[in-house]
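Below you'll find the structure, written out as structure tokens, and then a few comments.
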Amino acid sequence: MDLNFASDNIEGASAPVLDAVLRANAGPAPAYGADPWTARVESRFAAMFEREVAVFPVATGTVANALSIAASVSPWGSCLCHFESHVIDDECGAPEFYAHGAKLIGLPGTGCKLVAAEVAAAHDALPKAVKQMPPQALSIAQATESGLVYSVSEIAALGEVCRSRQLAFHMDGARFANALVRLGCTPAEMTWKAGIDILSFGATKNGCLAAEAVIVFDPALAASIAYRRKRAGHTFSKARFIAAQLEAYLDGDHWLANARHANAMAERLARGLLALPGVRAAWPAETNSLFAIMPEGLDRALRNAGALYHPWSARALAPEETVNPGEVLVRLVTSFATSEAKVDSLLAAARSAGGAS
Ligand SMILES: Cc1ncc(COP(=O)(O)O)c(C=O)c1O
């Protein structure tokens with residue numbers, strides 16, 4: 001039995017997305033985004049966000065984030081983010097590289113969530129002399145790298161901090177759909193209505209082959225992105241294939257159904273695993289991942305049974321939580337393609353280990 005819970009990008013693409021790519025293969029089409037698929041996707045995003053938006057399809061989340069941040073700060077500026085965020089920790093410096101030397105400043109927060117009052121205080125305490133790099137943007141991930149979700153009012157409070165301090169507000173939405181279905185709000189409510197200026201809209205983790213989009217709500221930020229994307233080598237000549245993925249992803253709310261399923265599988269996993277002796281959640285499983293603190297013996301038994309998942313850093317734990325000697329903190333991720341049987345197999349392996357300590 002497949003017991004691979006390493007990430008949501010271990011899976012292939014969903015059938016509707018693959019079918020759409022094959023259909024888009026028939027016949028010639030204008031290159032570099034002048035094709036009808038791209039035009040339709042632009043209209044789809046405008047309808048979905050209930051306003052005009054600028055849409056820049058790309059193929060990786062890293063480039064979506066890097067372009068977004070580069071458009072938001074000057075080379076001598078800085079962007080605030082969580083200290084364990086993907087943009088600062090997992091992109092090999094791409095945002096700073098694309099922004100020609102701008103810097104990211106990491107701030108603390110349990111479960112990779114930033115709190116408005118703390119961001120405001122950290123911002124205001126930064127030295128503002130010409131020797132320092134002035135903060136010009138804030139980037140948050142929704143859902144966070146810990147699988148937590150900002151409520152709409154938490155985003156709006158951060159949005160107010162940005163508005164009052166002239167910071168551009170970026171959302172890394174690599175798991176946008178998982179957060180959206182968790183909140184049950186509209187895409188508009190979770191973004192521009194709460195102050196988001198620019199969004200990395202993720203789709204690869206939730207069913208696409210390789211498709212993300214930079215969605216820009218602030219027209220001033222959009223102006224440079226077509227050029228930046230081309231310089232980054234992310235303006236695809238056969239752009240129809242990226243757009244076809246996004247179109248199928250959004251069609252019939254396929255993306256929301258996928259995300260609901262992924263979240264439900266994480267909930268099932270959490271229900272089973274957290275019932276075992278010695279296992280507790282590092283923070284609630286709000287989207288499609290479970291961060292569990294478990295006895296080393298159980299971890300060993302699961303790995304011996306063939307389970308795959310990553311050990312995780314304890315840096316974003318709540319101050320009152322700790323990983324004790326003899327325990328490990330691990331991340332298990334579910335996806336649109338995770339079956340109930342797969343979750344149940346992992347739980348069976350865990351139970352037969354008896355929650356072993
Ligand atoms: C929070 C977050 N942002 C962005 C990304 C996008 O990364 P990639 O460049 O691999 O598509 C990921 C993928 O792991 C992620 O977890």
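Hydrogens, waters and symmetry mates play no part in the numbers below; they use all other heavy atoms, side chains included. Each ligand, and each atom within it, is numbered from 1 in the order the structure gives.
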Going by the order shown, which atoms of ligand 1 are within less than 4.0 Å of some heavy atom of Thr62? 6 (C), 7 (O), 8 (P), 9 (O)
Are Arg303 and Tyr309 in a cation-pi setup, meaning NZ or CZ lies under 6.0 angstrom from the ring centre and within 45 degrees of the ring axis? yes
Has Glu50 got more than 12 heavy atoms of other residues, nucleotides or ligands less than 6.0 Å from its CD? yes
Would Lys205 count as being in polar contact with ligand 1, using the rule that some N or O on each side must be under 3.5 angstrom apart? yes
Ligand 1 contact by Thr204, heavy-atom criterion under 4.0 angstrom: no
Counting each atom of ligand 1 from 1 as listed, which ones have a heavy atom of Asn65 under 4.0 Å away? 3 (N), 4 (C)
Given Phe217 and Thr191, is the side chain to side chain contact (heavy atoms under 4.5 Å, CB included) satisfied, shown in steps? CA-CA 9 Å; Phe217 305 109; Thr191 56; 3.7 Å; yes
Set of side chain to side chain contact (heavy atoms under 4.5 Å, CB included) partners for Tyr32, sequence neighbours left out: Lys230, Thr235, Ser237
Polar-atom distance check: Asp172 versus ligand 1, any N or O pair below 3.5 Å? yes
Report yes if the distance between the aromatic ring centroids of Phe236 and His234 is under 6.0 Å, otherwise no. yes
Nearest-contact summary for atom 11 (O) of ligand 1 - protein heavy atom, Å: Gly61 N, 2.8 Å
Give the residue and atom name of whichever protein heavy atom lies nearest to atom 15 (C) of ligand 1, and the separation in Å to one decimal. His86 CD2, 3.2 Å
Are Trp312 and Phe291 near enough that their ring centres are under 6.0 Å apart? yes
Which ligand 1 atoms, with their elements, are less than 4.0 angstrom from a heavy-atom of Arg175? 16 (O)
Do we see a donor-acceptor contact under 3.5 Å between the side chains of Ser151 and Ser153? yes
What do you reckon, does Glu212 put a non-hydrogen atom under 4.0 Å from ligand 1? no
